[in-house]
Amino acid sequence: MKKFEFSRYLLVCRKQFVEDWRRQVGFTAVMAILLFFIFWIVNWQINIMMSYDETNSAVSEGSVVFFSWYKIIMFVAVTVLAIAYQSAHSMPFMKTKTSQIAHIVLPATTLEKYFAAETFAFVFSVIEAVVAFFIADALQYALTGHFTLTEVSSTSLIDVLRNFGLTMDSDYSVIISLSVCVIVASLFFHSAWFTFCATLFRKHPFLFGMLILWGVNQVLSIFVSTVSFNFLSVIITPLENMTHTETMLYFKEILYGLIFGQLAVAIGFWIWSYFRMKKVEL
Amino acid sequence: MIEIKDFSYKYKKGKDMVFDHFNLELSAGHVYGLLGRNGVGKSTLIYTLMGLLQPRTGFVTIDGMNASERYAELLRDCFLVPEEFELPACTLEQYIKYTSPFYPNFSQTDMERNLRLFNMEGNPNLKALSMGQKKKVFMCFALACNTKYLIMDEPSNGLDIPSKEQFRQLVKTGMRPDRTIIISTHQVGDVESLIEEVVILEKNRLLLQQPVKRICEVLRFGVNDENPLYKQEFAGGYFTVTKNETGEMSPMRLELLFNAVLLNDDIAKLF
């Protein structure tokens, strides 16, 4: 008995896509509209800022750099949100008895069905986030016309990155790369956590998942304040007394900790979710 | 062959065991009628066969494979038509296109023939169909998959009167020597002519498991017969169940048999 057969996995993916594509389109549209309004407000603010001092190139450049990074941060935030939401809804078959029956009796192994659900949640969320981002950008260009963030980001952001890269020493570039890894690990963590929530809660898995994360965050905050552990003093003060190499090592350690910590927890939740799905009963 | 050995099951929220060390064997190539009162465990048994429920003790095997493991190789040989089910929001052709590859013996010719039997044409959107029409489409598909095991829970529920006869035709057409069909129902009249072997469950035990032929050899189903083992009143007198002492076979009345076996323990002992 094969635990995993690629052709069957593709069949499950296809089935899931045909049954769910309408919801995916709707989700992308909602994301695009949300992003459009954010861009629109930002655009409006940038115009106000620039109208004060059109001749001041420092203000313009500053705005350009800020909003270029701002867009990247927005994109990452939207992608994390999309992955979290999609993962929380990656197992619609867990919701009702009839959908559970249809899912369990489908001739594929639990592993194939699980991977299909995860593929859908993870890959499609990233694709949908990209599509929504470009739709939102195109929409705000079409409606506002005279100033587009697309132009700003496509021209200035590359320059900013290139200049930044030239001035960086290798340590900083490692830290930047590691920071990107932290973001990717965060995507994995959110995907795994909300997938687990999908197996745990039949109703409102996204909402409950968020509430639990918020609750855990609050508990950790209380714990940190109780033990009088001041992150700020640890992060800032020692750096002043450290040599450059020590500071870099210190940062790298923190980033490695964040990456591997998130990945370890993510893998744990994924395995747990799989076994919950495998053992699920009506 | 389906083998249920030492099977126990209790729902998490339930107080009592639905099954407690229960045993049953169903050989291939027959149409079984699974009968029993409400709550006796017919659906539980069916769901366990399909791996939807996990036995607390014992095991359920189909062709030697443990049903609770949900092997893809086993599931592609089994099809469940539950009492309530969902169909996706797509057209019939799309549904066939992406679901049929899971079933290697699916036949498009059979599907078309089955749909014709139910007078269904075109390529309807499945979400737009009525419950009865959905059931017809689903049963057509179930039979066209040509799985070795076909399990149906209350298949005639939701079908109108002409469709019930079409349903019987459908099952007869889809019957093959190597195919096992299990029909669990309360609408005994709808499936009477289909059933080859009767399985009656009573609380936590198997009350009767006999082929229809054998039942008719042992029992006589008549009207106003003397010394009945069981009688049921109707406008013109009594339907009766008596011992068949003449050897002459009478057509079996499933509802009568069911009530007789439930109310008179001695009847099951005759077999």
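Below, chain A is the first sequence line, B the second, and so on; all start at residue 1.
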Worksheet entry | Check against side-chain hydrogen bond (donor to acceptor under 3.5 Å, both in side chains), A:Glu281 and B:Tyr47 | CA-CA 10 Å; A:Glu281 280 193 16; B:Tyr47 291 154; over 6 Å; no
Fill in: Verdict with reasoning, A:Ile101 to B:Phe85, per side chain to side chain contact (heavy atoms under 4.5 Å, CB included)
CA-CA 8 Å; A:Ile101 292 175; B:Phe85 58 89; over 6 Å; no
Practice prompt. Go through A:Thr96 and B:Glu86 one step at a time and tell me if the side chain to side chain contact (heavy atoms under 4.5 Å, CB included) criterion holds.
Written response: CA-CA 10 Å; A:Thr96 61; B:Glu86 277 176 11; 3.4 Å; yes
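Interface residue B:Pro82: only side-chain heavy atoms are found under 4.5 Å from chain A. Using a 4.5 Å cut-off between heavy atoms, B:Ser68 does not touch chain A at all. In this structure, the portions of B:Leu53 lying under 4.5 Å from any heavy atom of chain A include both its backbone and its side chain. Interface residue B:Tyr103: only side-chain heavy atoms are found under 4.5 Å from chain A.
Atom OH of B:Tyr95 sits about 6.5 Å away from atom NZ of A:Lys15, to the nearest 0.5 Å. Atom CD in B:Gln54 sits 10.5 Å away from atom CG in A:Leu282 (nearest 0.5 Å). Here CD of B:Glu69 is found 11.5 Å from OG1 of A:Thr109. Values are rounded to the nearest 0.5 Å.
Crowding of A:Lys97 atom NZ: a count of heavy atoms from other residues, nucleotides or ligands under 6.0 Å not exceeding 12. Other residues, nucleotides and ligands place more than 12 heavy atoms under 6.0 Å from the CD atom of B:Gln108. The environment of CZ in A:Phe37 is sparse: at most 12 heavy-atom neighbours from other residues, nucleotides or ligands sit within 6.0 Å. With a 6.0 Å radius and a threshold of 12 heavy atoms from other residues, nucleotides or ligands, A:Trp272 has its CH2 atom at or below the threshold. For B:Glu196, the CD atom is densely surrounded, since the number of other residues' heavy atoms within 6.0 Å is greater than 12. For A:Tyr256, the OH atom sits in a loose shell: 12 or fewer heavy atoms of surrounding residues, nucleotides or ligands are nearer than 6.0 Å. Other residues, nucleotides and ligands contribute over 12 non-hydrogen atoms within 6.0 Å of the NZ atom of B:Lys134. The neighbour count for B:Lys10 NZ, taken as heavy atoms of other residues, nucleotides or ligands under 6.0 Å away, is above 12.
Listed for the A:Arg22 side chain is a donor-acceptor partner under 3.5 Å among the backbone atoms of B:Ala89.
B:Tyr98 and A:Arg14 make their closest contact through CA-NH2, 3.5 Å (heavy atoms, listed as atom of the first residue, atom of the second, distance). Taking all atoms of both residues into account, the shortest heavy-atom contact from A:Pro107 to B:Phe102 is O-CD2, 3.5 Å. Across all their heavy atoms, A:Thr98 and B:Glu84 have their closest contact at CG2-O, 3.4 Å.
With respect to chain B, the highest number of heavy-atom pairs below 4.5 Å among A:Lys3, A:Glu5, A:Lys278 belongs to A:Lys278. For the options A:Ser7, A:Ala102, A:Ala108, heavy-atom pairs under 4.5 Å to chain B are most numerous at A:Ala108. With respect to chain A, the highest number of heavy-atom pairs below 4.5 Å among B:Leu52, B:Thr99, B:Leu74, B:Asp77 belongs to B:Leu52.
With contacts defined as side-chain heavy-atom distances shorter than 4.5 Å, the pair B:Arg70/A:Ile104 qualifies.
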